[in-house]
Amino acid sequence: MNKFWVGTNWKMTKTIAEGSFYTKELKKIAEKLSNIELFIIPSHTSLVSIKELTENSKIHIGAQNMHWESEGAYTGEISPTMLHEIGMNIVELGHSERRQYYNETDESINKKVIAALKYGMKPLVCIGENSTQKKNNISKETLAAQLIVCLKGLTAEQVKHVMIAYEPVWAIGEDGTPADAAYVEEIHGFLREKLKDLFDSKGNDIPILYGGSVNKENFLEYSKLQDVNGLFIGRAAWDIESFRVILHTLNSQVYR
Ligand code: PGA
């Protein structure tokens with residue numbers, strides 16, 4: 001795979017003003033990146049202004065969630081039509097916080113994946129086992145089930161537009177513990193095999209990003225692992241200076 005993806009989900013941080021300042025700096029950084037596909041996932045209120053700011057840049061913009069219906073009586077939701085209208089390239093689906101706090105299931109994520117593809121957006125499908133599943137040695141079974149259901153009904157042709165983010169729930173956020181590199185490599189290898197089982201050789205074309213407490217100390221090690229085709233970063237990318245260091249280093253080291 002010759003692209004290395006690096007992106008950040010801002011979660012519920014950054015006002016429009018804060019996000020604009022950050023994005024103007026990121027644009028300058030992006031001009032110097034030749035080996036990286038860079039994306040940011042702002043909150044819904046910032047999407048239009050951040051999209052405008054990044055016109056004519058190499059930065060892809062995505063939304064953090066959406067409904068699967070194109071319109072309807074779903075108060076508080078945002079539709080694929082609406083995201084398509086404002087030129088979104090990516091939509092993040094099934095982040096563990098959405099699963100945990102808003103009861104998202106693999107089945108609802110599957111409907112969203114199909115809707116995103118219909119509107120020409122790349123679904124970034126987040127999967128990951130929680131600490132209990134890991135303790136019970138059912139990480140791989142859990143991840144396989146998530147892949148099977150979230151990607152159900154997709155053709156090999158469609159699936160090449162999908163990206164996967166493997167984010168172990170126990171590694172995410174303030175209380176998370178960064179995963180060992182060897183574990184990440186083992187799981188990414190497993191996911192690659194599973195994708196090939198499901199989609200034959202097209203399974204090789206699906207980028208698998210790693211996320212969960214990626215930081216300035218560990219990003220380089222993760223980036224070099226087999227079948228890690230990108231990094232999905234939260235806190236360590238929210239500060240533009242910290243993200244600058246990560247991006248510059250990766251750009252000079254990424255090789256694929
Ligand atoms: P983190 O968040 O890097 O702050 O752990 C990662 C994520 O939730 O995607």
Side-chain angles (χ1 to χ4, degrees), residues 5-12 39 41 62-66 90-113 116 122-152 154 159 162-198 203 206-215 218-219 221-223 225-238:
W5 292 84
V6 184
T8 177
N9 162 20
W10 291 356
K11 305 193 182 181
M12 200 174 70
F39 64 95
I41 310 213
Q64 295 180 15
N65 179 39
M66 67 169 199
I90 295 175
V91 60
E92 176 184 357
L93 299 172
H95 187 278
S96 70
E97 288 149 15
R98 301 277 332 156
R99 293 172 184 261
Q100 184 180 350
Y101 304 128
Y102 306 102
N103 305 319
E104 291 217 1
T105 62
D106 293 329
E107 285 77 11
S108 62
I109 295 160
N110 177 240
K111 291 190 205 170
K112 294 177 183 201
V113 169
K122 251 182 179 325
L124 172 59
V125 180
C126 303
I127 59 171
E129 82 282 10
N130 63 30
S131 55
T132 311
Q133 289 158 337
K134 180 161 193 279
K135 223 179 316 155
N136 289 333
N137 268 324
I138 53 164
S139 300
K140 288 181 180 167
E141 289 80 352
T142 303
L143 294 165
Q146 290 176 344
L147 278 186
I148 291 168
V149 180
C150 292
L151 304 181
K152 199 165 137 211
L154 267 55
V159 87
V162 171
M163 297 197 286
I164 303 293
Y166 168 55
E167 302 199 287
V169 180
W170 46 267
I172 291 176
E174 296 286 347
D175 301 327
T177 312
D180 287 343
Y183 183 77
V184 173
E185 189 160 60
E186 180 188 339
I187 297 292
H188 277 244
F190 170 78
L191 295 173
R192 177 65 65 214
E193 288 310 309
K194 194 72 217 167
L195 289 168
K196 285 196 286 185
D197 283 353
L198 293 170
I206 304 170
I208 310 174
L209 283 58
Y210 179 71
S213 291
V214 174
N215 59 37
N218 60 25
F219 75 95
E221 190 178 18
Y222 290 142
S223 74
L225 302 175
Q226 180 80 22
D227 286 310
V228 171
N229 312 117
L231 296 174
F232 194 29
I233 312 175
R235 290 156 299 150
W238 295 345

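Keep in mind that this is a model prediction, so the values were computed, not measured.
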Go through the structure and list residues passing salt bridge (charged side-chain N to carboxylate O under 4.0 Å, His left out) with R235, not counting sequence neighbours.
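Scan of R235 (salt bridge (charged side-chain N to carboxylate O under 4.0 Å, His left out), adjacent residues dropped) gives none.
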
Is it true that E186 and K140 have a side-chain N and a carboxylate O under 4.0 angstrom from each other?
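Result for this pair is yes, salt bridge flagged.
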
Salt bridge E104-K112, side-chain N to carboxylate O under 4.0 Å:
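Salt bridge present between E104 and K112.
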
Distance-only donor-acceptor hits, side chain of residues 141-150, under 3.5 Å, sequence neighbours excluded:
{"from": "T142", "atom 1": "OG1", "to": "I138", "atom 2": "O", "distance (Å)": "2.6"}
{"from": "Q146", "atom 1": "OE1", "to": "G128", "atom 2": "N", "distance (Å)": "2.9"}
{"from": "Q146", "atom 1": "NE2", "to": "G128", "atom 2": "O", "distance (Å)": "3.3"}

Does K135 have any side chain to side chain contact (heavy atoms under 4.5 Å, CB included) partners at least two apart in sequence or in another chain, and if so, which?
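Side chain to side chain contact (heavy atoms under 4.5 Å, CB included) list for K135, sorted by chain: empty.
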
I'd like to check the side chain to side chain contact (heavy atoms under 4.5 Å, CB included) partners of K152; sequence neighbours left out, ordered by chain and number.
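Per chain and number, K152 pairs via side chain to side chain contact (heavy atoms under 4.5 Å, CB included) with N110.
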
Check whether [X] reaches the backbone of [Y] with its side chain - one donor and one acceptor, N or O, closer than 3.5 Å.
X    : Y    : value
N130 : V169 : no
N9   : K11  : yes
N65  : H95  : no
R192 : D227 : no
E185 : Q226 : yes

If every non-hydrogen atom of F232 is compared with every non-hydrogen atom of T8, which pair is closest and at what distance?
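Closest approach of F232 to T8: CE1-C, 4.0 Å.
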
Does Y166 have any side chain to side chain donor-acceptor pair (under 3.5 Å) partners at least two apart in sequence or in another chain, and if so, which?
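Per chain and number, Y166 pairs via side chain to side chain donor-acceptor pair (under 3.5 Å) with E129.
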
Sequence neighbours left out, what passes ring-ring contact (aromatic ring centres under 6.0 Å, His included) with Y183? Give chain and number order.
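Partners of Y183 under the ring-ring contact (aromatic ring centres under 6.0 Å, His included) test: W170.
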
